[in-house]
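Reviewing the structure listed below.
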Amino acid sequence: MLDINLLRNDLDGVAKQLQLKGFNLDVVKFSQLEAQRKELQIKTEELQAKRNSTSKQIGMLKSKGENTSSIMTEVASLGDELKNNENQLNVLHQELTQLLSNIPNLLNEVVPFGRDETQNKEVRRVGVPRDFDFEIRDHVDLGYGLNKQIDFELASKLSGSRFYVLKDKIAKLHRALTQFMLNTHIDEHGYTEMYVPFLVNAKSAFGTGQLPKFEEDLFKTSKGDESLYLIPTAEVPLTNLFADTILKEDELPIKMTTHTPCFRSEAGSYGRDTRGMIRVHQFDKVEMVQIVHPDKSLDALEEITAHAENILRKLRLPYRVMLLCSGDTGFSAAKTYDLEVWIPSQGTYREISSCSCMSDFQARRMQARFKNANGKNEFVHTLNGSGLAVGRTLVAILENYQNSDGSITVPEVLRSYFGADVITS
RNA sequence: GGAAGCUUGGCAGAGCGGUUGAAUGCAACGGUCUUGAAAACCGUCGAGGGUGCGAGCCCUCCGUGAGUUCGAAUCUCACAGCUUCCGCCA
């Protein structure tokens, strides 16, 4: 959520900045609502003040045993008008909040202008894609060849399309990967391991920016007449741990990591990546979240990105780092780096991690603050990064480490977790 | 799922329907004292919002939402959460 004062003070400037993200701010509507709000709020508070002072007066008179009937009839007539005003004001506040809730975050000034993902900027490229002297297979064929250790048919029977079942060694490799990622972040990068709910309430989903705008991307469960949402990323529970919290300045930065499944409806992605485990309704991810001082958030973004990269480096997977352009940067983000890993079967790099600085956007939505040096409460900055998406990492390993006989060499760093050098049928 | 109790500021804990946004204690912060620290003493000390250049003035908030009343932390109702006991269960 943006600071409403930003809109009050520089509406056109903000509207212009939002254009970069492709968002059209309804400045006329905002101005109207805001003007109405101001008038009505002043009037309402005047009435409230009058009611309060009169009531106090009645209290004083009564304690002296004096007659209060005339003053009481005077204040009685306030009631209806006041209630009326309060109700109208409430509606206005709701409309303003709704408008505000749907406005995306402002971009950091270094974010390059661009319409869509084709205009993202490559920042660096690490590792060189391997030359294969045999006909390569994609991860679907590889999994099929390895005794169906990746099984889409079975998953379809259970749940439908965009799910997968892993078996035996590949299931174990999947688990080994998770352990390796978590341990690296905990032991080498200084994150605290967490375990969090996979179902969250609407307030939490609002806090990180999934609601109200992106409800259709979420899976929604029902619990009586209340509903909970399956998390699309552990960013949601991790960040919301600090909702309605005022931290001490010396508690910052807070660095947390966790491993969770992630659930995405993939509404609107019909026909894209229908084959394989690249785009699915459920996948595991190791997530990093940092809660930091506002002055430190851009540095922290570099750091969190480096942490995600470190996993790819250790796995010796070729990748590149993309600075997302204005049009491709997400709703809540001020600046985002995507990590893209080399996928041999597609001859291209595919997103495997997204690291974002959300500035105070989420913090304001969820009231996550710290007491600054002047004793003032100030919004923290929040960041998150995948470190990494486990399913896609598995795909990258299978494809990049495949051998001509269809077996898979296990990356060196995983061997102590996996217990073998190679995966065969 | 059944029963009882509870829900007030960072924590603990008062609070006859009327100058209570809330006593008191602890914690925290500033200061006096001290070579330094502790103790003692003095002071500050919830959050959000409106308005104003500003000192300030005003509004809202005692789990949430309705209601009664001129006036609600205090009364009524509904809901939620927590605790304990019973049942069921990984």
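A note on names: the letters A, B, ... follow the listed sequences, proteins ahead of strands, and every chain is numbered from 1.
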| task | Decide, yes or no, whether a salt bridge links A:Glu378 with A:Lys376 under the criterion of side-chain N to carboxylate O below 4.0 Å. | result | no
Going 5' to 3' through nucleotides 45-64 of chain B and flagging B where a protein heavy-atom sits under 4.0 Å of the base, S where only the sugar-phosphate is that close, and - otherwise, we get --SSBSS------BSS----
Hits for side chain to side chain donor-acceptor pair (under 3.5 Å) against A:His189, two or more places apart or cross-chain, chain-then-number order -> A:His185, A:Asn310
Q.
What's the gap between B:A4 and B:U8 when it is taken at their C1' atoms, as a whole Å value?
A. 22 Å
Please list every donor-acceptor pair under 3.5 Å in which a side-chain atom of residues 410-425 of chain A meets a protein atom from a residue at least two apart or in another chain.
| from | atom 1 | to | atom 2 | distance (Å) |
| --- | --- | --- | --- | --- |
| A:Arg415 | NE | A:Val410 | O | 2.8 |
| A:Arg415 | NH2 | A:Val410 | O | 2.9 |
| A:Tyr417 | OH | A:Asn183 | ND2 | 3.2 |

Paired to B:G43 by Watson-Crick or G-U wobble criteria (both distances under 3.5 Å) is B:C29
Hits for side chain to side chain contact (heavy atoms under 4.5 Å, CB included) against A:Gln41, two or more places apart or cross-chain, chain-then-number order -> A:Arg37, A:Glu45, A:Leu89, A:His93
Does the distance from a Lys or Arg side-chain N to an Asp or Glu carboxylate O, for A:Lys255 and A:Glu303, drop under 4.0 Å? yes
Using Watson-Crick geometry (N1-N3 plus N6-O4 or O6-N4) or G-U wobble (N1-O2, O6-N3), each under 3.5 Å, B:U69 is paired with none
Using Watson-Crick geometry (N1-N3 plus N6-O4 or O6-N4) or G-U wobble (N1-O2, O6-N3), each under 3.5 Å, B:U74 is paired with none
Report, as yes or no, whether the 6.0 Å neighbourhood of atom NZ on A:Lys167 holds more than 12 heavy atoms from other residues, nucleotides or ligands. yes
Worksheet entry | Interatomic distance at P, B:C6 relative to B:G63, whole Å | 14 Å
Exercise. Distance between the C1' atoms of B:U74 and B:G17, in whole angstroms?
Worked result: 6 Å
By the Watson-Crick or G-U definition, both distances under 3.5 Å, B:G17 is matched with none
Rounded to whole Å, the CD-C1' distance (A:Glu249 to B:C29) equals 14 Å
Using the P atom as the reference point in each nucleotide, state the distance between B:C62 and B:U44 in Å, no decimals. 26 Å
Partner of B:C62 under the Watson-Crick or G-U wobble criteria, both distances under 3.5 Å, comes out as none
Q) Can you tell me how far P in B:G21 sits from the matching atom in B:C59, rounded to whole Å? A) 10 Å
Where do N or O atoms of nucleotides 16-20 of chain B meet protein N or O atoms at under 3.5 Å, pair by pair?
| from | atom 1 | to | atom 2 | distance (Å) |
| --- | --- | --- | --- | --- |
| B:G18 | O6 | A:Lys62 | NZ | 3.2 |
| B:G18 | N2 | A:Ser55 | O | 2.9 |

- Could you measure between the two C1' atoms, the one in B:G5 and the one in B:C58, and give it in whole Å? 40 Å
Under a 3.5 Å limit on both distances, the Watson-Crick or wobble mate of B:C53 is none
**Report entry** Note: A:Lys314-A:Glu188 ion pair, threshold 4.0 Å (strictly below)
**Finding:** yes
Can you tell me how far C1' in B:A72 sits from the matching atom in B:C61, rounded to whole Å? 13 Å
So the ring pair (Phe, Tyr, Trp, His ring centres under 6.0 Å) pairs with at least one residue in residues 358-378 of chain A (sequence neighbours excluded) are A:His293-A:Phe370, A:Phe331-A:Phe361
Across every strand shown, the nucleotide meeting Watson-Crick or G-U wobble geometry with B:A80 (both distances under 3.5 Å) is B:U7
Which of A:Arg279, A:Arg272, A:Arg162 passes salt bridge (charged side-chain N to carboxylate O under 4.0 Å, His left out) with A:Glu266? Answer is A:Arg279
Partner of B:A22 under the Watson-Crick or G-U wobble criteria, both distances under 3.5 Å, comes out as none
Practice problem: Answer yes when A:Lys43 and A:Glu39 have at least one side-chain N-carboxylate O distance shorter than 4.0 Å, and no when they do not. | Solution: no
*Considering only atom C1', compute the distance from B:A73 to B:U20 and round it to an integer number of Å.*
9 Å
